[in-house]
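Before any comments, here is the structure.
Lettering of chains follows the sequences in order, A, B, ..., and the numbering in each one begins at 1. In what follows, every heavy atom counts, from backbone to side chain, and hydrogens, waters and symmetry copies are set aside. Quick caveat: nothing in here was measured; it's all calculated off a predicted structure.
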Protein chains: 2
Amino acid sequence: MTTTHSQGGDWQAFLDHYREIRDLNNIESVLGWDQSTYLPEAAAEGRGRQQALLSRLAHAHATDADYGRLLERLGNRGDLVPEQERTLALARKAFGRSTRLPERLVGEMSEHWGRTYTAWTKARPANDWAGMIPLLEKSLDLTLEAAGHEDFANPHDAYIDQSDEGMSADQIAQIFGDLQRELVPLVEAVTAAQAAEDASRQLSRGPFGLAQQLAFGEEVIRDYGYDFSRGRQDLTHHPFMSRLGDRDVRITTRYREDDPMDALYSTLHESGHAMYEMGIQDAYLGTPLGGGVSSGVHESQSRLWENLVGRSRAFWTAYGEDFRAAFPEQLRGVSDEDLYRASNAVSRSLIRTDADELTYNLHVMLRFGLERELLAGRLAVRDLADAWQSAYQDNLGVQSPDLKDGVLQDVHWFFGPVAGAFQGYTLGNIMGGQFFAAARQALPELDDQIARREFGPLHGWLRENIYQHGRRYTPNELVQRVTGSDLSAGPYLEYLRGKYSDLYGVQL
Amino acid sequence: MTTTHSQGGDWQAFLDHYREIRDLNNIESVLGWDQSTYLPEAAAEGRGRQQALLSRLAHAHATDADYGRLLERLGNRGDLVPEQERTLALARKAFGRSTRLPERLVGEMSEHWGRTYTAWTKARPANDWAGMIPLLEKSLDLTLEAAGHEDFANPHDAYIDQSDEGMSADQIAQIFGDLQRELVPLVEAVTAAQAAEDASRQLSRGPFGLAQQLAFGEEVIRDYGYDFSRGRQDLTHHPFMSRLGDRDVRITTRYREDDPMDALYSTLHESGHAMYEMGIQDAYLGTPLGGGVSSGVHESQSRLWENLVGRSRAFWTAYGEDFRAAFPEQLRGVSDEDLYRASNAVSRSLIRTDADELTYNLHVMLRFGLERELLAGRLAVRDLADAWQSAYQDNLGVQSPDLKDGVLQDVHWFFGPVAGAFQGYTLGNIMGGQFFAAARQALPELDDQIARREFGPLHGWLRENIYQHGRRYTPNELVQRVTGSDLSAGPYLEYLRGKYSDLYGVQL
């Protein structure tokens, strides 16, 4: 659709075309949101066909040859300002990624991922790891073959760069090593100290009504600064945040009748993702700069509002009373301190998605480590199940009695490349710790503000320093700009030590 | 996207391409549905841009030159069976309609309709008819100019054919004349007889809770046969039915806290539209045959389930108890007969969309008559407001004290051609009367079945005789096949006379 423009009009033509690609992607998000929330059950097949058609049109638009030539011409100009350089670089990177792979390989991957995913949905409940081995071996081959078309010495880096731009497997491995060394003994100490009490016992008097759970969570995120005129919350099986338009950033949550913490922290988590997207400056919307910059930075914002704010003592000082008022019978006699402790119960469990703040990173880092070994050829797929068990034993001191909660647990390796899927979660926690420490320095009254539900200063600081910039800076640049330091696990570890030594009276 | 196919593959290539056009239209419906139900308020502008983009892509797909040549080739073949002939004819008609008008005219119309609509939204609350006159004059010119490109001697017929295929202004005028002659004195007699009582007084003890209103309406349409595995109901300002996919036919309703009849009959009405769409045979879905055949036949189904079933005495025998159980305080002492009478209160009002079953047609037919005069050049736009008032005086014995509920009342003439927008409503009532009389003949126990909530026989008869056929037959052909007669107001008038003479004890 791009037509010839004068040199001066090229920039606008580029922005116009890119805007249409984004609009098509946003329409895909509308279809996906509806599929997860309100699609009638018999309509799933037809929706799949609509999505495939739209995705084909969006791909055609994103790989349009005239558009490619336009990007090329703009790349040869010497008169772009740095913000334009960055904008163009991101667009060219996306264009290259969409056009670089041979069609044969794209088709083979798409067919193979589909088959592997279907097989996994059956193999997992059947604990059938043996049947998945040849499929995962082929996945690993395809992962490496596709990486061969990218400009990275280490194939792992090609995938990491897609979600956490500019970071490398080596950089991450070193930081994860720092964190892991400290975290394993910390978890041991905390779980030992906590063994005598059941921190969540106070909340076991359900059921907790859905309407009250939703209303309470929405009260909190409205205070946080989630803007309901530009979003909404609905129920889904798996919670998510999704951008459906420039001013349409929706979240979803799930709930359990016997545990109101589940819906609450899911809502707080997704609201953090959403406020990041909502905070991007208007001028960037619909351009290559108009999104969160990486999975790690995104996760830093969801985890910051979920954990560093939402699981703090100040938080329960602010909301304990309203929470009890929402469930007066169920929470009779439960104090703010009880709620604080219940929201910070630690357990060495088998399931990543159910893990608490402290152990969660161990689940993530061991997966990253296994991925790294697989890609380097130091671990064979057929040995992965055993390596998984050893890693759990070493890190968490537990082993799954079956394979469905072992190596078959997560979908990530079974519907796409065996690389780059997990590191963002823990990168986010690490960055969240760094960002929060910087915010605390800038806002010395932060805890008091939280206890008074005054989130304007924190939200404003995050918008000013992080949100507004969208993808203007790489994740490493952003961390540098905001904290004055490189990526480092130090502040996050310090936060964990402080919090858990206080909570469980142990010297950490 | 259509590529060259062998003669044998042409038919499949045609169906494949048409299927994609439909899928794009269905995606447009998803965006529209979301816009009316759940779109955050700040997202409206962005959604408009998404819709414009998608509509452009859908138009490009529908007017693709290769596709046009394919239709041409298929049209030259002598080996199509009648069902294929009809399928192809509908596709060629749609293609011709999308490609026939000069681009200049399409652009001018689109620009003018947009401007006129915006002006109307301001002129209506301000009672500013004078300001709308030049815009409507231009609309009329464009309406006539566009019709000049169509193959119809009477320009009015070109527009009627778009929504009520094969019908003509003359045919409709004659039947409307028959109906109107009888209806005017009937309304007079009924309103005189009813004057002493206030049939709706029994229901005036609100408020009626939303959740109960929705639950009751959904109970009824589930009994009717609306399939919630292929649809759902949500709230909107203006109720509608929309097909979002082959097996995704949704409805919406509105509600008033002081009158539970409003939401109920809106739900019943839209469920009738939806069951028609849901009943089309699988083989037709995604083909030119896969939709309701005309606005008149569609309206016959919504009105049949809303009025002929839903406002019958048998209906309230079936549901009176549950309705009272939903609102035990509000409806204390209200009998089934009271509910029957309340749902059939007649009044000579000014607003078409609030009109009762009996007077509604008078509102519609006078609009059709004014349209006819405008298009024939017998009425000037500047005289339309006076003509409107005279028509209301003659037909309903009332006149609007202002213009906003007079000539400026409906959006129809102010966002598109001044033609073909209204006749379907009353055609639907007339056809509904004919279809219901035929159903009653086939199902002698119909009233007893309704009173027992046994809707299977009626729904099955409609599916067998009407729904499954989609657009296989023209409306006139369908009426002939189903009833053995041409379109005629007789059965509908007979139904009205029987019902209202019994209700109000008058000889009609």
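Only the side chain of Arg250(B) has a heavy atom closer than 4.5 Å to any heavy atom of chain A. Neither the backbone nor the side chain of Leu285(B) comes within contact range of chain A, judged by heavy atoms closer than 4.5 Å. No part of Arg22(A) comes within reach of chain B, as not one of its non-hydrogen atoms sits under 4.5 angstrom from that chain.
The ring-ring contact (aromatic ring centres under 6.0 Å, His included) test applied to Tyr284(A) returns no partner, not counting sequence neighbours.
The shortest heavy-atom contact between Arg230(A) and Ala42(B) is CG-CB, 3.5 Å. Nearest heavy-atom pair across Ser229(B) and Pro40(A) is O-CB, 3.4 Å.
Between atom CG of residue Asp34(B) and atom OG1 of residue Thr37(A) there is a gap of 8.5 Å, rounded to the nearest 0.5 Å. The distance from atom CG of Leu54(B) to atom CG of Leu54(A), rounded to the nearest 0.5 Å, is 6.5 Å. Separating the CZ atom in Arg49(B) from the CG atom in Asp23(A) is a distance of 4.0 Å, to the nearest 0.5 Å.
For Glu111(A), the CD atom sits in a packed shell: over 12 heavy atoms of surrounding residues, nucleotides or ligands are nearer than 6.0 Å. Annotation for Tyr117(B): atom OH does not count as buried by contact number, only 12 or fewer foreign heavy atoms lying within 6.0 Å.
The candidate from Leu244(B), Asp248(B), Leu31(B) with the greatest count of non-hydrogen atom pairs under 4.5 Å with chain A is Asp248(B). Annotation: maximal heavy-atom pairing with chain A below 4.5 Å, among Ile27(B), Asp246(B), Val30(B), occurs at Ile27(B).
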